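Single-structure report; data block below.
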Amino acid sequence: MFKPLDISENEENKSTQPTDVEQVKCLIIGSGPAGYTAAIYAARANLAPVMYEGLQPGGQLTTTTEVENYPGYPEGVTGPVMMEDLKKQAERFGTDVRWGMATKADFSGGVHKVWIDDSKLIEAETVIIATGATAKYLGLPDEEKYAGGGVSACATCDGFFYRGKDVAVVGGGDTATEEAMYLAGLCKKVYLIVRRNELRASKVMVERTLNTKNIEILWKHQTKGLFGDGVVEGAHLVKNLGEEGEENVDIKIDGFFLGIGHKPNSDIFAEYLDTDEVGYINTISGTSKTKVPGIFACGDVQDSLYRQAVTAAGSGCMAAIDAERYLSEKNA
Ligand code: NDP
């Protein structure tokens, strides 16, 4: 059924032609909860899935400390341990989990092509895209310095650890205002650090934020750095005073949350699939199917709304079932 590419030795083509071509029934790209759950289901359905883990094996959860809201772990579990468990479960049923990064795709023909690390070509009957999304950070060295020590890009994941404390959220869109509202229910005080003098969030979120007593909006403020002995104890901000210049402002906080948006990791597929304006892959409502038959998307790369480990896992299951049904119908 598969026709391997003609690999030319032509000098001109050398850099772009793969050195290695492999045909697979089911290729899974990405190794967060969506990818691993898809792998467990696909392996149990005899699809012999091959998974490429991507740049961050285990996905975003490996950057969180404790996961307490994933059903089945009454005592909680660390993100890395949970992802190791999911990996073992996927491998137990025969998933071929490999190190590597999908760097290019071509979904224009009957056989779907994905290049790994620009050198290996996978020709797949079905592709499950589970590449996730990456939270945007400000790019301050202190964000790295205090990673796991008070800096987070997920209020739902980490907010619980700041109960009764003061925290700050950066951003003025729906993500930031939702994070601020969530944290306001747990924390003593929430500073919302907004770089302009208006919010970009939807009207309803703007109203809710403005009407929440323990949220203080710091208009026209930007973060310059964080301070603290090993963990975050505060942030150095600067307030834009317009023609009058700038004013340095320090706030005391225990947690610093980023809410400046996520970037779905869909760039290499965007030419072939429909996405929204931010880049989230559009799937056919209630399914994991994209507009290209045989290509399925699950997890955060297609979900701007819920973005939880458990919803990602559920959509991974859907993708494997959709892939299995697609293959049964195709090969009937
Ligand atoms: P947005 O791009 O809408 O907002 C990003 C916010 O962060 C803006 O206020 C922006 O400021 C600010 N920002 C960006 N970069 C910096 C920076 N370097 N320093 C300081 N502030 C910065 O992203 P969201 O993630 O909030 O939303 C993305 C999309 O997802 C939207 O369409 C949103 O409606 C949707 N969404 C929907 C939800 C829902 O329906 N429940 C939940 C979350 C998101 P500025 O305004 O000055 O550019």
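The residues of the chain are indexed from 1 along the displayed sequence. In listed order, ligands and their atoms are each counted from 1. The structure presented is a predicted model; accordingly, all values stated were derived computationally and were not measured. Side chains are part of it too, since the values below use all heavy atoms of this structure and drop only hydrogens, waters and symmetry mates.
- Contacts with ligand 1 closer than 4.0 Å are made by side-chain heavy atoms of Glu178 only, the backbone lying farther away.
- Considering backbone and side-chain N/O atoms, Gly172 comes within less than 3.5 Å of an N/O atom of ligand 1.
- Looking at Arg98 and Asp96, a side-chain N of the basic residue comes within less than 4.0 Å of a carboxylate O on the acidic one, giving a salt bridge.
- Remark: atom 42 (C) of ligand 1 lies closer than 4.0 Å to at least one protein heavy atom.
- Only the side chain of Leu305 comes within contact range of ligand 1, with a heavy atom under 4.0 Å; no backbone atom does.
- Ile260 O, 3.8 Å is the protein heavy atom nearest to atom 5 (C) of ligand 1.
- Between Lys25 and Val50, every side-chain heavy-atom pair lies at or beyond the 4.5 Å cut-off.
- Residue Arg307 has no nitrogen or oxygen atom sitting less than 3.5 Å from a nitrogen or oxygen atom of ligand 1, judged on distance alone.
- Looking only at side-chain heavy atoms (C-beta outward), Thr223 and Asp142 stay at 4.5 Å or farther from each other.
- Both tests do not hold together for Arg163 against Phe161: distance to the six-membered ring centre under 6.0 Å, angle to the ring axis within 45°.
- For ligand 1 and Gly261, the ligand atoms under 4.0 Å from any heavy atom of the residue are 23 (O), 25 (O).
- Below 3.5 Å of separation, one finds no N or O of Ser304 facing any N or O of ligand 1.
- Between Arg200, Arg195, Lys136, it is Arg195 that holds the heavy atom closest to atom 14 (C) of ligand 1.
- A salt bridge does not link Asp322 to Lys289: none of the charged side-chain nitrogens sits closer than 4.0 Å to a carboxylate oxygen.
- Of all the atoms in ligand 1, the ones that sit under 4.0 Å from a non-hydrogen atom of Leu138 are 17 (C), 18 (N), 19 (N).
- Residues satisfying the ring-ring contact (aromatic ring centres under 6.0 Å, His included) criterion with Phe257, sequence neighbours excluded, are Tyr162.
- Considering only non-hydrogen protein atoms, atom 36 (N) of ligand 1 sits nearest to Asp174 CB, 3.8 Å.
- The only option from Ile28, Thr290, Thr126, Ile321 that meets the side chain to side chain contact (heavy atoms under 4.5 Å, CB included) definition with Phe296 turns out to be Thr126.
- There is no protein heavy atom less than 4.0 angstrom from atom 30 (O) of ligand 1.
- Between Lys189 and Glu216 there is a salt bridge, since at least one side-chain N of the basic residue sits less than 4.0 Å from a carboxylate O of the acidic one.
- Between Lys291 and Asp274, at least one side-chain nitrogen of the basic residue sits less than 4.0 Å from a carboxylate oxygen of the acidic one, meeting the salt-bridge criterion.
- For atom 47 (O) of ligand 1, the nearest non-hydrogen atom of the protein is Arg196 NE, 2.7 Å.
- Under the ring-ring contact (aromatic ring centres under 6.0 Å, His included) criterion, Phe107 pairs with His112, Phe269, Tyr272, not counting sequence neighbours.
- Residue contacts with ligand 1: His262 is placed with no nitrogen or oxygen under 3.5 Å of a nitrogen or oxygen of the ligand (distance criterion only).
- For ligand 1, the polar-atom distance check finds no N/O of Glu277 at less than 3.5 Å from any of the ligand's N/O atoms.
- Considering only non-hydrogen protein atoms, atom 26 (O) of ligand 1 sits nearest to Thr175 N, 2.9 Å.
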